[in-house]
Amino acid sequence: MGGSIKKKQIVTKSDNTKKTISKSTQIKPKKQSEKKLTSSKKTVYDESQIKHLDALEHIRLRSGMYIGRLGDGSNQNDGIYILLKEVIDNAVDEFIMGFGTRIDVEVENNTVKVRDYGRGIPLGKVVECVSEINTGAKYNDDVFQFSVGMNGVGTKAVNALSSYFRVVSSRDGKATEAIFEKGVIKKKHTGTLKKKQPDGTYFEFVPDEEIFGKYMFNMEFVERRMWNYAYLNSGLTIRLNGEDFHSENGLLDLLNKEIEDTALYSIGSYQGDHLKFAFTHTNSYGENYFSFVNGQYTADGGTHLSAFKEGFVKGINDFYNTSYKSEDIRDGIAAAILVKVKDPVFESQTKNKLGNTDIRQWIVTETQSGLNDWLLRNADAAKKIQEKIQTNEKLRTELSAVKTKAKEAAKKICIQIPKLKDCRYHVQDGIKGENSMIFITEGNSASGTMTHSRNADFQAIFSLRGKPENMYGKKQAEIYKNDELYQLMMALGIETDVENLKYSKIVIATDADNDGFHIRNLVMTFFLGYFEELVTSGRIYILETPLFRVRNKKENIYCYSEDERDKAIKKLGASAETSRFKGLGEINPSEFKQFIAPETMHLTPVEISQLKVIPQLLAFYMGKNTPERRQFIEKHLLSNADIDA
C-alpha cells in the first residue's frame, strides 16, 4: 500500500494543542500525589482551574481507561498488544462482512504494519475515522453487524499512543494517506494511484516510548494472537512476517492444539450461526475454558460463558435422563466457545468480560440442543463422558468425608485463619475489590515486613511455615489432610469452588535464593496440579523484588539484576555502597513499600503456552528423580557463589 499518490493538501494542528499533549505526558503521578497543600499556600478553585482536553489528549493522559495497562511487552495483556489487536480487529471485521480473505501483518523493530484487503475506509473520512472519537461505520448495522470494536475508539487510541502513525486507504484506484505523530496530524493527501492496487486499508504505527517506556514485542504472544484470529475465522489467512496462520476447523483445531493426546474422547463440536463450541474432558482437576465474543478473547468470561456452562449441564442431564451435579459434569472439562453478538456490552474498554444479559437464554437452549445432537451421533464418546462423570461423582463423595473432617478441625483452631492477614475488600466487593491481591510469603520475617508496608484495603498476606509438601501425583483428598494447604485454600476462598476466589491476583512472594525458588515451585505444583484454571486464567503472579541496593549519600538505586547493579555503580561511582538482599525480611518496611505499591510493583505473570504441557512439566520437575532430570539440574545448577554474586 506504499504506492505514490498525487499530493492534494496538508493539514496540521495548532501549536497550543501540541504543547498541551506534551505537558500531559510529562506528568509523573507519584510525585504529583506527594505534593501536599499547606496553610500558607492553597490552590484556588475557580474558573481558571477548569481545563478542556480534546479526545486524543485525554487518551494520552488517561491511557489506562482505553487500553487497560501499559507494560513493557513482557505480559500478553500489555498495552502494545492491545494496540496491535485494535488495528487487526478492524481488518478481521472486514473479513467477517465478506470482504478480503487475507491480512498481512509485520512486526519488526517495534514497528507494526497491517494491511487488509477489505473495502477500505471511505476516502473523505480517513482522518476522522482515526482521530475523532465516536466516528466510524460500526454504529451502522448495515455495514458491520458482528464487529469486535463497536465503540469507535480503537484506532483513535492507537493513533494517540503512537509516536508515528500512518494510514492509507485505497478504493477504486484512488487513495488517501494521513500521517500523525502522537495524535497530531502532520500530513494528508489524496489522489490517484500511479499503480493500481487492491482495495483495502494499510496501518503503520510505532507505540510511543513517552507513554510505554522501553518495550519490546514478544513474538510468542503475537503468534498466539494470530492463531486465535485464525481459529475464530475459518477461511481467513493471516500472514505474519511471512508465515501463514490458517485454520479450517476453527475451535476444534484450537482445542486439539491445546490438549492433543490428553483428551479422554474425540473432541466434540457444534457449529451454529451465532454460537460455536468445542469440548472434551481430560484427567486434570478443574475446568478450562477459552471464550470469545465476535473474535475477542474474553479472559474473564462473562454471561456467554456462564450460559454455556448452564446449557452444557442441562444438555448432559437431559441426554442421560439424570440429575448429575454440575461439578461432576464439568470437572476436567476443556472447552472453547465463540458467540456472535450484535451489540456486545463489555465491562471494560479492553473487552475481557461480556456483560450482556439478554443473550443468556438462547445460548443455554442452543448449547443444550447442540450437545444433545452430538451425543446422539457419537455413542462411544457419550459412554466415556458418562464414565468420567460417574468417576467424578465417586471421587467427590469420598472427598466430602475428608472435607467434613478438615472443616471440623479448622473450627477447633479458630474462626479466623491463623496465617492470614486479610484485606478489607475482595473481588466480590465490585470496584473496591477489583485490584485485590494476596501475597503468599515464606516465614514470619517476610510477612512481617510486608504487613507494615502493604495497603490493607486490597492487599492480603498468607504466610507459609516453610516448605509446603510436594503434592505432585497425590489425590485431591490429600490437600484436605494437609493443614497448611487446606488453610491456604480457605484463605483464597476456593475450598469448594474456584469461582469463589476472593482475590484478583495471587502473588507468590518468596526469597531470591535456593530455598525461595524451591518453595515457589512447590506452591506452583499445588496450583497446577489441582487448580490449573487459576494459572490458565492469568491469576497467578511472581513478585520480583530487588536483588541489590546501590547508594551514596544523595541517591538510592534498587536493582533487579546484576546488569542493573553494574549500571548503578557506574552512575553513582565506585565508592557507592552495594547491598545484596537475600531475603524479603532483610528489606525494612519503609523501603519495601515501593516494591508492592501497584504503580511501582514488578509482577511476572505465570503463563502456560498450552494445557498439554502441564503434566509434562510437573512430571519432569516434581516427579521421580529420573536420570534426565538429574542431568538437567547438574547442567544448569548455580552455586551459592553465583547466586550471591
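Just so you know, residue 1 is the first one in the sequence shown, and it goes up from there. Keep in mind the model is a prediction, meaning the values are calculated, not measured.
- Both the sub-6.0 Å distance and the 45° axial angle are satisfied by K505 relative to the ring of Y541.
- Judged by distance alone, the side chain of T367 and the main-chain N or O of V364 form no donor-acceptor pair under 3.5 Å.
- Of the charged side-chain nitrogens involved, at least one lies within less than 4.0 Å of a carboxylate oxygen, so that E499 and K309 count as a salt-bridged pair.
- For the atom pair M490 CE and Y486 OH, the distance stands at 5.0 Å (nearest 0.5 Å).
- The side chain to side chain contact (heavy atoms under 4.5 Å, CB included) search around L338 returns L232, L251, K276, F292, not counting sequence neighbours.
- The pair K257-D253 fails the salt-bridge criterion, with no side-chain N (NZ, NE, NH1 or NH2) lying under 4.0 Å from an Asp/Glu carboxylate O.
- No donor-acceptor pair closer than 3.5 Å links the side chain of N218 to the backbone N or O of G73.
- With R539 contributing its side chain and S504 its backbone, the two residues share a donor-acceptor pair below 3.5 Å.
- Remark: side-chain polar atoms of D511 are not paired, donor with acceptor, to backbone N or O of G516 under 3.5 angstrom.
- How far CE of M450 is from CZ of F439: 4.5 Å, rounded to the nearest 0.5 Å.
- Taking S436 as the reference, nothing meets the side-chain hydrogen bond (donor to acceptor under 3.5 Å, both in side chains) condition, with sequence neighbours excluded.
- Within a 6.0 Å sphere centred on NZ of K474, heavy atoms belonging to other residues, nucleotides or ligands number more than 12.
- Annotation: side chain to side chain contact (heavy atoms under 4.5 Å, CB included) contacts of Y425 (sequence neighbours excluded): D429, K432, D457.
- Side-chain rings of F526 and F531 approach one another, their centers coming within less than 6.0 Å.
- By the 4.5 Å heavy-atom criterion applied to side chains, I363 and I337 are not counted as neighbours.
- With sequence neighbours excluded, the residues that form a ring pair (Phe, Tyr, Trp, His ring centres under 6.0 Å) with Y265 are H281.
- For the salt bridge (charged side-chain N to carboxylate O under 4.0 Å, His left out) test, residues two or more places apart in sequence or in another chain that qualify with E555 are K571.
- Across all non-hydrogen atoms, the minimal contact from Y472 to N470 is N-OD1, 3.1 Å.
- In terms of heavy-atom proximity, Y503 sits nearest to A491 at CE1-O, 3.3 Å.
- Side-chain N or O atoms of N317 include one that pairs as donor or acceptor with a backbone N or O of Y324 at under 3.5 Å.
- The closest donor-acceptor contact from the side chain of R454 to the backbone of K593 lies at 3.5 Å or more, if one exists at all.
- A search for salt bridge (charged side-chain N to carboxylate O under 4.0 Å, His left out) contacts involving D422 returns K502, not counting sequence neighbours.
- Under the 3.5 Å distance criterion, the side-chain polar atoms of D78 are left unmatched by any main-chain donor or acceptor of I80.
- At least one side-chain heavy atom of I508 sits under 4.5 Å from a side-chain heavy atom of I540.
- Residues H602 and F595 place their aromatic rings such that the two centres sit no closer than 6.0 Å.
- Between atom CZ of residue F290 and atom OG1 of residue T298 there is a gap of 12.0 Å, rounded to the nearest 0.5 Å.
- The ring pair (Phe, Tyr, Trp, His ring centres under 6.0 Å) check on Y530 picks up Y285, with sequence neighbours excluded.
- Taking the salt bridge (charged side-chain N to carboxylate O under 4.0 Å, His left out) definition, one finds that K467 meets it with D515, sequence neighbours left out.
- Under a 3.5 Å cut-off, the side chain of E564 and the backbone N or O of Y560 do form a donor-acceptor pair.
- With sequence neighbours excluded, no residue satisfies ring pair (Phe, Tyr, Trp, His ring centres under 6.0 Å) with Y289.
- For M216, the side chain to side chain contact (heavy atoms under 4.5 Å, CB included) test picks out no residue, with sequence neighbours left out.
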Problem set entry | Verdict with reasoning, D72 to K214, per salt bridge (charged side-chain N to carboxylate O under 4.0 Å, His left out) | CA-CA 6 Å; D72 60 3; K214 290 290 183 181; over 6 Å; no
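- Nearest heavy-atom pair, S453 versus F592, reported as atom, atom and distance to 0.1 Å: OG-CB, 3.6 Å.
- A distance-only check finds a donor-acceptor pair linking the side chain of Q428 to the backbone of L501 [under 3.5 Å].
- Qualifying salt bridge (charged side-chain N to carboxylate O under 4.0 Å, His left out) partners for E533, counting only residues two or more places apart in sequence or in other chains: none.
- Judged by the 6.0 Å and 45° rule, R549 forms no cation-pi pair with Y558.
- Counting heavy atoms from C-beta on, the side chains of R360 and T303 never come closer than 4.5 Å.
- Partners of F308 according to the ring pair (Phe, Tyr, Trp, His ring centres under 6.0 Å) rule, which considers only residues two or more places apart in sequence or in another chain, are F277, F312.
- The main-chain N or O of R465 is never found under 3.5 Å from a side-chain atom of E442 such that the two would form a donor-acceptor pair.
- For the atom pair OG1 of T282 and NZ of K388, the computed distance is 6.5 Å after rounding to the nearest 0.5 Å.
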